[in-house]
Amino acid sequence: MRVRLLFFFLLLHIFIQGCRPAGNKEEVVVRVAADPESLNPISFTTANTAQIVALLYQSLLTIDLQDQQLKPLLAEQLPTVVQAEDKSFITYRLREEAVWDDNQPITAQDVAFTLKVIKAPLVRNDNLRAVLEYVHDIRVDAADPKKFTIECRKYAPNMSWETGDFAILPAHIVDPQQLLTAFTIPELESQYDSLANHPQIKAFANWFNSARFTNNKTFLKGSGGYELSDWKTGQYVKVKKKQNWWAARLTPAISYITAEPTQINFQIIPENTTALLALNNEQLDVYAGIPANSFVQLQKNAGFQKNYALFTPNTYDFTYIGINGRNQKFADRRTRQAIGHLLDIPQMIRVALGSFAVPTVGIVNPADKIYYNDSISPYTLNLAEAKRLLKAAGWLETATGWQKQINGQVVPLTINFDYRAGNTEFENVSFIFRQAAAKLKIPVNVHPVEANVLNKRLKAHDFEVTVRYLSGNPGIFNFRPILHTENADPDEGNFTGFGTAQSDRLIEEISETTNQQHRIALLRKFQKVMYDESNMLFLYFNTERIAIHKRFTNLKISAAKPGYDISSFKLKSN
């Protein structure tokens with residue numbers, strides 16, 4: 001045992017020594033818990049990956065983390081919107097100065113090409129395709145190659161933001177053989193199934209879905225201020241500042257279009273203990289998502305705060321327990337509601353997050369007073385109510401537990417509870433839940449699972465119960481990609497199988513209405529439907545916990561992900 005411990009600490013020492021000291025002024029070192037699953041700008045799915053992709057690629061619009069306002073990025077100004085009968089027309093013009101790295105201008109044809117990639121059959125991008133389902137066509141201005149109009153079905157307020165919120169791709173790099181040139185967006189939509197067999201579509205999908213657009217720095221070329229310089233799986237992802245970036249020539253400079261650090265090093269450190277040791281040794285410049293108990297200790301550590309500043313911004317990130325409603329054990333919503341009454345949410349917040357969280361009844365942040373349904377109360381630990389619901393759902397209580405006849409077989413009520421390995425918050429939540437379930441003689445088998453493996457299992461619907469994060473944005477209420485039943489197939493966003501005809505109608509109306517009072521009523525009703533269905537048991541909205549080395553300024557701490565703007569970091573003059 002002693003030898004094994006010595007070996008562990010030797011490995012830890014080697015790892016820490018391998019990290020670049022934070023005193024290197026040319027580089028910002030950021031802790032991340034896992035490798036990106038892919039840096040493909042169309043198909044990535046995690047928030048950590050989004051931070052890296054946003055350094056490589058640019059969209060038409062962005063949120064300025066300094067003031068939380070929507071602002072033009074590649075577009076020269078916010079779009080104009082014209083509504084006509086059952087359509088809307090959203091017009092943009094690209095900045096005159098915007099060019100790719102080879103100095104070819106970024107044009108409306110690049111935007112049209114990107115929309116074709118998003119709409120193309122066989123391309124792995126189910127989430128983004130669902131978000132932009134309403135985009136019907138794009139019209140490129142014949143007299144101005146920088147100007148274009150996106151034609152949409154109907155109109156919803158979120159379209160003005162969503163049509164500018166995807167990475168614009170360089171057509172000449174991503175499709176050098178011009179395989180998509182012959183197809184229009186309406187054709188890709190109306191002939192979606194038949195075109196899946198077209199040889200050019202198949203050839204493009206094979207090309208674009210391949211590893212070259214996952215991790216190859218030769219092909220991951222966007223208009224952002226950084227380029228991928230190195231990626232060693234399980235160790236780091238590094239990006240470096242471009243030498244001749246188009247936005248660096250803007251006069252006057254724009255405060256939210258930045259690329260200040262010379263290099264950014266995303267260190268892959270799965271274990272919190274190792275990450276904290278690296279932080280205390282000044283091997284990291286940025287550590288977000290610090291475990292609550294450790295953060296409280298850092299707040300009391302005057303020596304640590306000589307070098308690091310600590311921040312606790314509110315977030316739009318919430319934690320929930322997802323139940324696979326397709327599993328026959330959990331198909332009856334009363335069973336899922338009973339599980340809700342095994343949740344001691346105040347204890348979870350206290351133990352797992354050191355009280356850095358706010359309880360919620362649903363997907364709307366309680367801070368959004370007008371949209372949050374305060375007529376619902378969060379689930380409480382109530383064993384008697386859990387028993388009543390289980391019996392109502394057909395479960396029979398025995399001396400050893402609960403059982404039910406399902407398809408002619410006696411099935412015991414057991415729960416496999418998966419969570420992302422290395423996440424102490426999820427670990428605490430799962431163990432508190434298991435303790436409560438044990439009081440009703442419901443065995444809960446807790447399984448820590450490596451992040452990428454768990455993601456694949458969720459997409460394949462191969463799970464029973466899990467605990468997850470989900471990130472939102474202020475004022476964005478398009479729930480179609482993750483909650484509509486049309487997106488409940490494998491590999492799509494609705495992995496719990498949530499949804500009814502009523503919830504689908506509500507999702508569609510919420511995204512389409514332009515009437516504020518109607519949206520308020522719809523959102524409140526939608527929260528009640530989700531609460532009753534209970535495929536997702538909402539726990540709390542998180543308060544972020546971030547440490548950033550004091551050698552940097554211009555941090556732009558924000559409620560929006562990732563909680564700071566790393567591209568704006570400037571070294572203090574001293």
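Quick note: residue numbers are just sequence positions, from 1.
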| note | Distance col, row Leu383:CG vs Lys439:NZ, nearest 0.5 angstrom, shows 6.5 Å
| request: Give a yes or no on this: more than 12 heavy atoms of other residues, nucleotides or ligands lie within 6.0 Å of atom CZ of Arg326. | output: yes
| Do the side-chain N and O atoms of Tyr92 and Thr163 include a donor-acceptor pair separated by under 3.5 angstrom? | yes
| said: Side chains of Asn535 and Tyr320: any donor to acceptor distance under 3.5 Å? | reply: no
| Under 3.5 Å side-chain donor-acceptor pair for Gln68 and Ser558 | yes
| Asn494 versus Asn487, side-chain donor and acceptor atoms under 3.5 Å | no
| Audit row: Thr485, Asp504, side chain to side chain donor-acceptor pair (under 3.5 Å) steps and yes/no | CA-CA 7 Å; Thr485 58; Asp504 284 350; 2.5 Å; yes
| message | Check for me whether the distance between the ring centres of Tyr134 and Tyr155 falls short of 6.0 Å. | response | no
| query | Looking only at heavy atoms, what is the nearest atom pair of Arg31 and Leu284, with distance? | reply | CB-CD1, 3.7 Å
| query | Between Thr258 and Ser568, do the side chains contain an N or O donor and an N or O acceptor separated by less than 3.5 Å? | reply | no
| request: Supply the atom-to-atom distance Glu492 CD to His484 NE2, rounded to the nearest 0.5 angstrom. | output: 11.5 Å
| Can you tell me if Asn542 and Thr319 form a side-chain donor-acceptor pair at under 3.5 Å? | yes
| task | Begin with the C-alpha distance, continue with both residues' side-chain angles, and end with the deciding distance and a verdict on salt bridge (charged side-chain N to carboxylate O under 4.0 Å, His left out) for Glu385 and Arg388. | result | CA-CA 5 Å; Glu385 181 64 5; Arg388 185 191 71 78; 2.7 Å; yes
| remark: On a heavy-atom basis, the closest approach of Thr496 and Phe463 is CA-CZ, 4.4 Å
| Does Ser503 offer a backbone N or O that forms a donor-acceptor pair with the side chain of Thr500 under 3.5 Å? | yes
| said: Apply salt bridge (charged side-chain N to carboxylate O under 4.0 Å, His left out) to residues Lys456 and Glu37 and explain how you reach the verdict. | reply: CA-CA 10 Å; Lys456 289 178 182 177; Glu37 82 283 17; over 6 Å; no
| query | How about Arg153 and Lys87: do any of their side-chain heavy atoms sit closer than 4.5 Å? | reply | no
| query | Is atom NZ of Lys525 surrounded by more than 12 heavy atoms (other residues, nucleotides or ligands) closer than 6.0 Å? | reply | no
| query | When rounded to the nearest 0.5 angstrom, what distance separates OG in Ser430 from CG in Asn445? | reply | 11.5 Å
| task | Starting at CZ of Phe318, measure out to CZ of Phe541 and round the result to the nearest 0.5 Å. | result | 5.5 Å
| said: Please find the pair of heavy atoms, one from Ala292 and one from Gly354, that lie closest to each other, and give the distance. | reply: CB-N, 3.4 Å
| Are Asp317 and Lys561 close enough, and set up right, to give a salt bridge (charged side-chain N to carboxylate O under 4.0 Å, His left out), and what steps lead you there? | CA-CA 8 Å; Asp317 302 344; Lys561 277 288 190 184; 2.9 Å; yes
| remark: The residue among Tyr419, Tyr469, Phe417 that forms ring-ring contact (aromatic ring centres under 6.0 Å, His included) with Phe426 is Tyr469
| message | Salt bridge or not between Asp418 and Arg457? Use side-chain N to carboxylate O under 4.0 Å. | response | yes
| said: Using the rule ring-ring contact (aromatic ring centres under 6.0 Å, His included), only one of Tyr379, Phe538, Phe498 pairs with Tyr531; which is it? | reply: Tyr379
| task | Return the minimal non-hydrogen interatomic distance between Arg336 and Ala331, and the atom names on each side. | result | NH1-O, 3.1 Å
| message | For a quick test of reading the model, state the closest non-hydrogen atom pair linking Leu220 to Phe213 and the distance between them. | response | CD2-O, 3.4 Å
| field | CA sep, side-chain torsions, deciding dist, call: Thr513, Asn515, side chain to side chain donor-acceptor pair (under 3.5 Å) | value | CA-CA 5 Å; Thr513 184; Asn515 183 297; 5.4 Å; no
| request: Run the salt-bridge test on Arg519 and Glu512 with the 4.0 Å N-O cut-off and return the result as yes or no. | output: no
| said: Looking only at the side chains, is there a donor atom on one of Arg420 and Asn452 sitting less than 3.5 Å from an acceptor on the other? | reply: no
| Interatomic distance, Phe295 atom CZ to Ile546 atom CD1 [nearest 0.5 angstrom] | 8.0 Å
| query | Does a side-chain N-to-carboxylate-O contact under 4.0 Å join Glu486 and Arg480? | reply | yes
| said: Contact between Val117 and Leu169 at the side-chain level, heavy atoms closer than 4.5 Å - yes or no? | reply: yes
| Which distance, rounded to the nearest 0.5 Å, do you find between the CG of Asn423 and the CZ of Arg468? | 10.5 Å
| task | Please name the pair of heavy atoms, one in Val131 and one in Asn478, separated by the smallest distance, quoted to 0.1 Å. | result | O-ND2, 3.9 Å
| field | Electrostatic pair Asp67-Lys71, nearest N-O below 4.0 angstrom | value | yes
| message | Is it the case that the side chain of Lys119 and the backbone of Leu132 share a donor-acceptor pair, with hydrogens and angles ignored and the cut-off at 3.5 Å? | response | yes
| request: For Ser375 and Asn373, test the side chains for any donor-to-acceptor distance below 3.5 angstrom and give the result as yes or no. | output: yes
| said: For the backbone of Asn416 and the side chain of Glu464, can you confirm whether one donor and one acceptor N or O come within less than 3.5 Å of each other? | reply: yes
| Are any side-chain N or O atoms of Arg129 and backbone N or O atoms of Ala120, one a donor and one an acceptor, separated by less than 3.5 Å? | yes
| query | Are the side chain of Asp35 and the backbone N or O of Ile268 linked by a donor-acceptor pair below 3.5 Å? | reply | no
| query | Just checking, any donor-acceptor pair under 3.5 angstrom between side chains of Asn40 and Ser38? | reply | no
| task | Using atom types as modelled and distance alone, determine if a side-chain donor or acceptor of Arg524 lies under 3.5 Å from a backbone N or O of Tyr372. | result | yes
| query | Within a strict 4.5 Å, meaning less than it, do heavy atoms of the Ile370 and Gln516 side chains meet? | reply | yes
| message | For Tyr564 and Glu544, which I'm curious about, is there any donor-acceptor pair between the side chains at under 3.5 Å? | response | no
